[in-house]
Structure formats: C-alpha cells, structure tokens
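Labels below follow one simple rule: chain letters A, B, ... track the order of the sequence lines, proteins then strands, and each chain is numbered from 1.
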There are 2 protein chains.
Amino acid sequence: MSRQPTKTRIAETADTLFYQRGYAQTSLADIAQEIEISRGNFYYHFKSKDEILGAVLKNRHAKTVAMLETFQAENDTAAGRISAFVHILTSNQANIMQFGCPVGTICGELGKLAHPARAEASEIFSLLSEWLAEQFAALGYVATADDLAMHLLARSQGIATLAQAFQDPEFVAKEVAVLERWLTNPTL
Amino acid sequence: MSRQPTKTRIAETADTLFYQRGYAQTSLADIAQEIEISRGNFYYHFKSKDEILGAVLKNRHAKTVAMLETFQAENDTAAGRISAFVHILTSNQANIMQFGCPVGTICGELGKLAHPARAEASEIFSLLSEWLAEQFAALGYVATADDLAMHLLARSQGIATLAQAFQDPEFVAKEVAVLERWLTNPTL
DNA sequence: GTCTATATGGGGATAGAC
DNA sequence: GTCTATCCCCATATAGAC
C-alpha cells in the first residue's frame, strides 16, 4: 500500500478525504499528515490544491468506468446490470449514510462554488447515465432509454441524500426494494 | 428592507449566503460586507458563527412551517397539496439549478462535518416528510403514508441534485410531469 | 524527492473607544 | 449598537537546504 509513489498516495488520500470532509474543508495539512509527508513536499508533485482535485476527479472517472465494466462482465443480462448499479446503495450503505454519494456530493459542492472543475465532476454522472441508457435500450426501451436512465439516477441520488440526512438503513432497504420492483416494468 | 433590526438582517443575509455558497465557505466578512456592518459588530448580536447557523436553521424551519400552512390553505384537496409541494421544483427551478435544494444541501454539508447542528437541519426534512404523510393518509393511503412520503421526498431530492449537476431545465420539467402522473396512483 | 522555514492572506473572535 | 484595531490560528503556496 505505502509502496506506491508519493504522487499516487496523495491523490488516493485526497480522494478519500475530499469524500469524507468535502473538498474545501480538507486542508493539505490533513492529507500530508495522513500519509506522513511534509506540507512542502506537496508542491513537488502538484502545482496547487486545485490540481490535486483534478487528479482526484480523473481517478473517480476511471474508477467509475472500471466499475461499469465489472458490472458488464459479471452480469449476462441488462436487467442484472441495472440491478447491480442499484445495489451500490446497499453494498456502500455505510459510507453513503455518513458521507452521501461520492459523485452527488462533489457535484453539489463544486456547483455552489462555481468551481472550474464542476464540469469534470458532472461528467461522472453522464458516464453513469449513458451506461444506464444503454442497458435500458438493451432491455427494449429504446425510445425512452435516456429518460429512464436519468430517472433511475435521480431516484438513486434522492435515496442517498435522505439516507445521509436520516441515517436510516431501513429506509434504504425499502427504497432499494421499491426500485427492484420498478425495474421489472420500468415506466416513467 | 434595511429598516429591520441588525440581528434580523444578519440572519437573513446569512441564510441566503449559506444557501448560495455553503456554510463553511461563507465568511462573516462576506455577510458583513453585504449588509454594510463591521466584522466586530457581529459579536454584539451573536456569540459565534455557529450561533448564526442556529438562527438560520430556526428561520428555515419556521419558513417551512409557514409554506406548508400556505399549501394547506390554498388547496382544498390532499392531492392538490401534494402537487403544490412537487411544484416547488418548478417555481424554484432557477435557484435549484444553481444551488441545489436549500434543505438537502445544508444537510449534506453539516452531515459531512458531523456538525452539532446536523439534527436541526434534518428536522426540516422530517417536517416535510410528516406533512406529506398526512396528505397521503388523507388520500386514503393510510397504511403506506409514511413510506409514500419518504419516497416522494427522495424523488424530489434526486431531481434537485441532478438539476444542479446537469443544469437542464427540460429534465426537471419531464420529471415533474412523471411525478404528477405518479400522484394519480401513488405506489411503492 | 523530501525536508524546514517562511511569506502572505484570510478566517473567527476579542478589547475597548465612541 | 457600532466601530477600529488587533490577536491568533490555519490556510495555500514558495524558497532553498539536504
């Protein structure tokens, strides 16, 4: 783990802390302490904190692509693939209840600040939306695939938001079940 | 407008700026500049920034109660009341696309920071959820009223999150239409 | 590549004059 | 009630030794 190059360790730790505390609320000192480097060392690897954010977003993008490829590989049917997506809410429940959705929360934060990296963050949502649309199209919902994808994405986001606000695992379980039922006959 | 007492003006301006920029990212200097008082004057009216946050959350709570009472007064049927709630997404669309939902985003921010005022923020969600549950019960969905309420709240939140991320008014319009259709026969 | 030391600015908060 | 002046801490970022 700690045999990785420093630049990588910075980006990975920043990823975690940005998720848990938010971008603005995470100081370089926090990251430096976590991986036991000096604050000065930072600027050998990155020009600025914003550049670290860029690297983090690039990482999350790549990890999202990889995740979708795994869903693709591990499920024979489009229905199974969509279901795998929905079940992120279950498998990642503990984190979501504490810190919200990693994509949704960074988009919200960067959006409020009108941060230049805003668009890169939303791109990850686009990635998910487009992949979901492909699955719905494969299921036969060709005409409404895009809308169904956005609809499901929105519902997942809403569940994540309320999960964090109410800290209620039962709510998540119920809503995932509702989504599963909806998936048997997805309509708008 | 500016004839209000300073303490009130601080709380109202803080409310706006906390919404637009986030709590942590709004400095007391920002607020002071907006209403043209000195930074020092602050501490005559509030002991700390956190105390201002407390006042803001109390205000939002009260405004939410008032809003629900208006919905109640202006609509004869439970269906109409729920519909009024849904249409916040339309009437407040411009703000939501820029800054997200005022309740959802503060809950998210305070949640990440494990801030003491977390619970007060979630309370506003509870307010909405309980009111919606009453409406669903009045519609005849007594057994599932609570779940329907949380479900609708989650869907609204999801729409707000994606509206901010994608900046797409059409998406909001489509999803509001979908919600309206769902309301004619709300199921889980 | 990594460190220490430091520059510079901004944050919340306090003291005390008016 | 409001102001100015100031304290202290922590933030990002830089300079330069090792």
Colleague: Let's see if you get this right: which residues in residues 43-58 of chain B place a heavy atom under 4.0 Å from DNA chain D?
Modeller: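 Within residues 43-58 of chain B, the residues near DNA chain D are B:Tyr44, B:His45.
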Colleague: Checking B:Glu69 now: which residues fulfil salt bridge (Lys or Arg N to Asp or Glu O under 4.0 Å) with it, not counting sequence neighbours?
Modeller: none
Colleague: Using a 3.5 Å cut-off and no angle test, enumerate the donor-acceptor pairs between side-chain atoms of residues 181-188 of chain B and protein atoms at least two apart in sequence or in another chain.
Modeller:
residue: B:Arg181; atom: NH1; partner: A:Leu188; partner atom: O; Å: 3.0
residue: B:Trp182; atom: NE1; partner: B:Thr187; partner atom: O; Å: 3.0
residue: B:Thr184; atom: OG1; partner: B:Arg181; partner atom: O; Å: 2.5

Colleague: Hey, is CD on B:Gln33 packed in by over 12 heavy atoms from elsewhere, all under 6.0 Å?
Modeller: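 It does not: B:Gln33 CD has 12 such atoms or fewer within range.
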Colleague: Give every residue pair that meets the salt bridge (Lys or Arg N to Asp or Glu O under 4.0 Å) criterion with at least one member in residues 72-94 of chain B, sequence neighbours excluded.
Modeller: none
Colleague: Can you run down the side chain to side chain donor-acceptor pair (under 3.5 Å) pairs that involve residues 154-163 of chain A, sequence neighbours left out, and say none if there aren't any?
Modeller: A:His151-A:Arg155
Colleague: Between C1' on D:dT12 and CD1 on A:Ile10, what's the gap in Å once rounded to a whole number?
Modeller: 14 Å
Colleague: Return the value, rounded to whole Å, for the distance between atom CG of A:Leu28 and atom C1' of C:dT8.
Modeller: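 So the two atoms are 15 Å apart, to the nearest Å.
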Colleague: Report yes if at least one side-chain N or O of A:Ser27 is closer than 4.0 Å to OP1 or OP2 of D:dA11; otherwise report no.
Modeller: yes
Colleague: Considering only heavy atoms, which members of residues 106-120 of chain B lie under 4.0 Å from some atom of DNA chain C?
Modeller: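 Heavy-atom cutoff 4.0 Å gives no residues at all.
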Colleague: Residues in salt bridge (Lys or Arg N to Asp or Glu O under 4.0 Å) with A:Arg60, at least two apart?
Modeller: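 With neighbours one apart ignored, the set is A:Asp15.
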Colleague: Establish, for the pair B:Lys49 and B:Tyr23, whether the NZ or CZ atom is under 6.0 angstrom from the six-membered ring centre and no further than 45 degrees off its axis.
Modeller: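 Verdict for B:Tyr23: a cation-pi partner in B:Lys49.
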Colleague: Rounded to the nearest angstrom, tell me the gap between atom CZ in B:Arg21 and atom P in C:dG11.
Modeller: 10 Å
Colleague: Not counting sequence neighbours, which residues clear side chain to side chain donor-acceptor pair (under 3.5 Å) with B:Ser83? List them please.
Modeller: B:Glu180
Colleague: Could you state the CZ-C1' distance from A:Phe42 to D:dA15, rounded to the nearest angstrom?
Modeller: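 Nearest whole value for this atom pair: 18 Å.
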Colleague: Which residue pairs pass the salt bridge (Lys or Arg N to Asp or Glu O under 4.0 Å) test when at least one of the two sits in residues 102-120 of chain B, sequence neighbours left out?
Modeller: none
Colleague: So, using salt bridge (Lys or Arg N to Asp or Glu O under 4.0 Å) as the criterion, who are the partners of B:Asp147 when residues are at least two apart?
Modeller: A:Lys174
Colleague: Could you list the residues that satisfy salt bridge (Lys or Arg N to Asp or Glu O under 4.0 Å) with A:Arg21, not counting sequence neighbours?
Modeller: A:Asp30
Colleague: What are the atom names and distances for every N/O pair under 3.5 Å that joins the protein to nucleotides 3-5 of chain C?
Modeller:
residue: C:dC3; atom: OP2; partner: A:Ser38; partner atom: N; Å: 2.7
residue: C:dC3; atom: OP2; partner: A:Ser38; partner atom: OG; Å: 3.0
residue: C:dC3; atom: OP2; partner: A:Asn41; partner atom: ND2; Å: 3.4

Colleague: Rounding to an integer number of Å, can you tell me how far A:Ile35 CD1 sits from C:dG1 P?
Modeller: 15 Å
